Amino acid sequence: MTVRAVLGIRRWRHNALCRPTDRHEAWVALTALLVMVLAAPVLGWLCGSLTDEALQQAVRSQHAQRSLTSAVVVREASGGSLFAQDPEAAVTEDTTRTPVVADWRAPDGTPRTGTVSTASEVTTPGTRIRIWTDREGRPAMRPMDAPTARTHAVLAGVGVAVLAGGLTEAARRLVVWRMTLRRYAKLDRAWAEVGPDWGRTGTGS
């Protein structure tokens, strides 16, 4: 619909049967097409770039504040662990994790014991596992990696571009609908003025 209206602009310019509203609709369609082809991708790229910059900064911050620590399994935990459901793990690794009670040491050497989760299939007492901890030695979620952050940024940019294109098309349809209503209202007023004399002798009909 939009492309067909745009292609008709040149043909309608010198057509005696072309109504002003036809040209207006064509220009509205051309404007919408330019926005969807040019502005929407630019908005998507801008959003993706800003999102990627923010996420990459978060990645660097998380990796600076968290570290992999070696822990020793004491026993399997009876209940679920706070870190058993890692939302970031759904992108890069198996989300089946087993909660265990383990011993490890904080960065300052302080011994720690707590419930953590591990993707290791071996959870017998004495097994060494790797867990993420913060600067205080407390269990922490695995930090986001750079490729995952970039994937989220790309998805955000594509989403913004698609949303911008959809909103532009919706705005075009709304404007054309209002123009059509105004056209019909104008025709109704014209018919109301001419209609009562239609077909009468001497009225010029």
Side-chain angles (χ1 to χ4, degrees), residues 1-3 6 29-73 76-77 79-108 112 114-123 127-174:
M1 178 65 180
T2 301
V3 177
V6 171
L30 176 60
T31 302
L33 181 62
L34 291 176
V35 171
M36 287 188 287
V37 173
L38 300 178
V42 170
L43 286 175
W45 175 83
L46 181 61
C47 175
S49 298
L50 294 176
T51 303
D52 182 62
E53 182 179 352
L55 290 179
Q56 294 301 335
Q57 183 176 357
V59 168
R60 292 189 293 269
S61 176
Q62 290 179 6
H63 278 273
Q65 296 175 0
R66 304 174 192 178
S67 58
L68 271 175
T69 303
S70 178
V72 178
V73 176
E76 288 193 9
S81 170
L82 176 62
F83 300 97
Q85 297 296 328
D86 187 346
E88 297 173 5
V91 180
T92 58
E93 64 182 33
D94 188 1
T95 56
T96 302
R97 305 179 68 84
T98 303
V100 296
V101 176
D103 293 332
W104 69 92
R105 288 188 177 275
D108 61 359
R112 297 285 184 125
T115 301
V116 296
S117 67
T118 177
S120 175
E121 296 180 357
V122 181
T123 57
T127 302
R128 287 193 170 273
I129 59 175
R130 303 282 282 176
I131 63 173
W132 285 96
T133 60
D134 60 16
R135 291 178 175 177
E136 303 298 326
R138 295 169 300 202
M141 295 176 64
R142 180 181 58 82
M144 183 185 297
D145 54 52
T148 300
R150 184 157 291 109
T151 298
H152 290 325
V154 170
L155 292 177
V158 172
V160 168
V162 172
L163 179 61
L167 291 177
T168 300
E169 175 62 14
R172 184 195 71 82
R173 290 177 179 270
L174 178 60

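When a residue number appears, it is its place in the shown sequence, counting from 1. These numbers come from a predicted model, not from an experiment.
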S70 versus R130: any side-chain heavy-atom pair under 4.5 Å?
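Touching, per the 4.5 Å side-chain cut-off.
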For a 4.5 angstrom cut-off between non-hydrogen side-chain atoms, does D145 reach V59?
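SC-SC contact between D145 and V59 ruled out.
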Could you tell me whether a side-chain N or O of [X] sits under 3.5 Å from a main-chain N or O of [Y], the two making a donor and an acceptor?
| X | Y | value |
| --- | --- | --- |
| R112 | E136 | yes |
| R66 | M141 | yes |
| H63 | A58 | no |

Hey, could you give me the CD1/OG distance between I131 and S120, rounded to the nearest 0.5 Å?
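Reported value, rounded in 0.5 Å steps: 13.0 Å.
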Could you state the interatomic distance from CG (L163) to CG (L167), rounded to the nearest 0.5 Å?
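Here the interatomic distance stands at 4.5 Å.
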Step by step, work out the side-chain contact (heavy atoms from CB on, under 4.5 Å) result for W104 and V72.
CA-CA 7 Å; W104 69 92; V72 178; over 6 Å; no
List in chain and number order the residues that pass side-chain hydrogen bond (donor to acceptor under 3.5 Å, both in side chains) with [X], two or more places apart in sequence or in another chain; answer none if no residue qualifies.
| X | value |
| --- | --- |
| S61 | Q65 |
| S67 | none |
| T118 | none |

Residues two or more places apart in sequence or in another chain: which of them pass side chain to side chain contact (heavy atoms under 4.5 Å, CB included) with L34?
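Once residues adjacent in sequence are excluded, the partners of L34 under the side chain to side chain contact (heavy atoms under 4.5 Å, CB included) criterion are L30, L38.
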Pick one: which of V37, V35, T31 meets side-chain contact (heavy atoms from CB on, under 4.5 Å) with T168?
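Of V37, V35, T31, side-chain contact (heavy atoms from CB on, under 4.5 Å) with T168 is met by V35 alone.
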At their closest point, which heavy atom of R135 faces which heavy atom of P107, and how far apart are they?
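Looking at all heavy atoms of both residues, the closest pair is O-CG, 3.6 Å.
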For residues Q62 and M144, report the shortest heavy-atom separation together with the two atoms involved.
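What the structure gives for the nearest pair is OE1-N, 2.8 Å.
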Looking only at side-chain N and O atoms, does T69 offer a donor or acceptor that is under 3.5 Å from a partner on T133?
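There is such a pair (donor and acceptor under 3.5 Å, judged by atom type) between the side chains of T133 and T69.
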Residues which pass salt bridge (Lys or Arg N to Asp or Glu O under 4.0 Å) with D134, listed by chain and number, not counting sequence neighbours
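Testing D134 for salt bridge (Lys or Arg N to Asp or Glu O under 4.0 Å), a comparison that skips the adjacent residues, returns R138.
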Identify every side-chain donor-acceptor pair in residues 40-55 under 3.5 Å, counting partners at least two apart or on other chains, and give the distances.
unit_1: S49; atom_1: OG; unit_2: W45; atom_2: O; d: 2.9
unit_1: T51; atom_1: OG1; unit_2: C47; atom_2: O; d: 2.7
unit_1: D52; atom_1: OD1; unit_2: Q56; atom_2: NE2; d: 3.2

